[in-house]
Structures are given as C-alpha cells and as structure tokens.
Peer 1: 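Let me give you the structure first, and then I'll get to my questions.
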Amino acid sequence: MKERVQTFLNFLEVEKGYAENTIAAYQNDLNQFYEYLQTDKAVKKPESWDQVNKSMVVDYIERLKKSGQYASS
C-alpha cells in the first residue's frame with residue numbers, strides 16, 4: 001500500500017507539477033490514514049487500497065474531528 005502512496009506522490013510532482021509543500025501535506029495525510037488503517041483495532045486491516053471503503057474514511061475523519069487537533073476544513 002505504501003508503494004501506491006509513493007506512486008501517487010510522484011504523479012503529483014512530475015505530472016501535475018504540485019509544489020513541494022503540497023506534496024508533503026498529501027504525504028503526511030496519507031501516511032496518517034495508512035497508520036490508522038493498520039493500527040486501529042476497530043478496522044479490519046486492508047491489504048490494498050481497493051479494500052478501503054467509504055465508512056473507513058468517514059470513521060477516520062470523525063476520529064480526527066474528535067481529537068481536536070484539526071480544524072473542520
């Protein structure tokens with residue numbers, strides 16, 4: 001799964017020409033989400049990104065909101 005994240009980040013850099021800070025932000029967000037998927041006991045650990053579903057994403061976002069560390073935006 002981490003390889004696909006890196007492929008995506010390379011795409012943003014090479015094909016889209018995104019700024020280094022933007023890519024770093026995407027990398028941080030995706031790595032945090034990946035870690036959540038791997039460590040949260042309430043989530044069945046996906047073996048590929050194809051196994052990630054909407055409820056996993058929504059649960060993760062709700063967890064971030066509840067933590068108070070991030071603005072709703």
Peer 1: With a 6.0 Å cut-off (strictly less than), is the heavy-atom count around CD of Glu62, excluding the residue itself, greater than 12?
Peer 2: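 Enclosed.
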
Peer 1: About how many Å separate OG1 of Thr39 and NZ of Lys45, when rounded to the nearest 0.5 Å?
Peer 2: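 Interatomic distance, Lys45 NZ to Thr39 OG1, rounded to 0.5 Å: 7.0 Å.
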
Peer 1: Ring-plane angle category for Trp49 and Tyr34, please: parallel below 30°, perpendicular beyond 60°, tilted otherwise.
Peer 2: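 Tilted, since the angle between the ring planes falls between 30° and 60°.
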
Peer 1: Please check if the number of heavy atoms outside Glu47 that lie under 6.0 Å from its CD is greater than 12.
Peer 2: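 Result for CD/Glu47: open.
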
Peer 1: Any heavy-atom pair between the side chains of Leu12 and Thr22 that's under 4.5 Å?
Peer 2: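 Thr22 does not reach Leu12 side chain to side chain.
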
Peer 1: Taking the side chain as every heavy atom from C-beta outward, state whether Val57 and Phe33 have any atom pair closer than 4.5 Å.
Peer 2: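 With C-beta onward as the side chain, the pair touches.
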
Peer 1: Just by modelled atom types, is the Tyr36 backbone N or O under 3.5 Å from a matching donor or acceptor in the Asp40 side chain?
Peer 2: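 Between the backbone of Tyr36 and the side chain of Asp40 there is no qualifying donor-acceptor contact (under 3.5 Å).
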
Peer 1: Any chance you could lay out the side-chain contact (heavy atoms from CB on, under 4.5 Å) test for Asp50 and Arg4, step after step, and finish with the verdict?
Peer 2: CA-CA 11 Å; Asp50 296 332; Arg4 295 230 1 225; 4.0 Å; yes

Peer 1: Kindly indicate whether the side chain of Gln27, heavy atoms from C-beta on, has any atom under 4.5 Å from the side chain of Gln6.
Peer 2: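 When only atoms from C-beta onward are counted, Gln6 and Gln27 do touch, with a gap below 4.5 Å.
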
Peer 1: Kindly indicate whether the side chain of Lys44, heavy atoms from C-beta on, has any atom under 4.5 Å from the side chain of Asn53.
Peer 2: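 Lys44 does not reach Asn53 side chain to side chain.
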
Peer 1: Distance check, rounded to the nearest 0.5 Å: Tyr26 atom OH versus Tyr18 atom OH?
Peer 2: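 The distance works out to 5.0 Å.
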
Peer 1: Heavy atoms only: give me the nearest Met56-Gln51 pair and the separation to one decimal.
Peer 2: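 Closest pair (atom of Met56, atom of Gln51, distance): CE-O, 3.8 Å.
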
Peer 1: Check whether any side-chain heavy atom of Lys65 sits under 4.5 Å from a side-chain heavy atom of Ile61, and report yes or no.
Peer 2: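 Yes, side chains in contact.
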
Peer 1: Rounded to the nearest 0.5 Å, how far apart are CG of Leu64 and CG of Asp59?
Peer 2: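 The CG atom of Asp59 is 11.0 Å from CG of Leu64, to the nearest 0.5 Å.
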
Peer 1: Answer with yes or no whether the side chains of Asn31 and Glu35 bring together a donor and an acceptor at under 3.5 Å.
Peer 2: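 Looking only at side-chain atoms, Asn31 and Glu35 do not form any donor-acceptor pair under 3.5 Å.
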
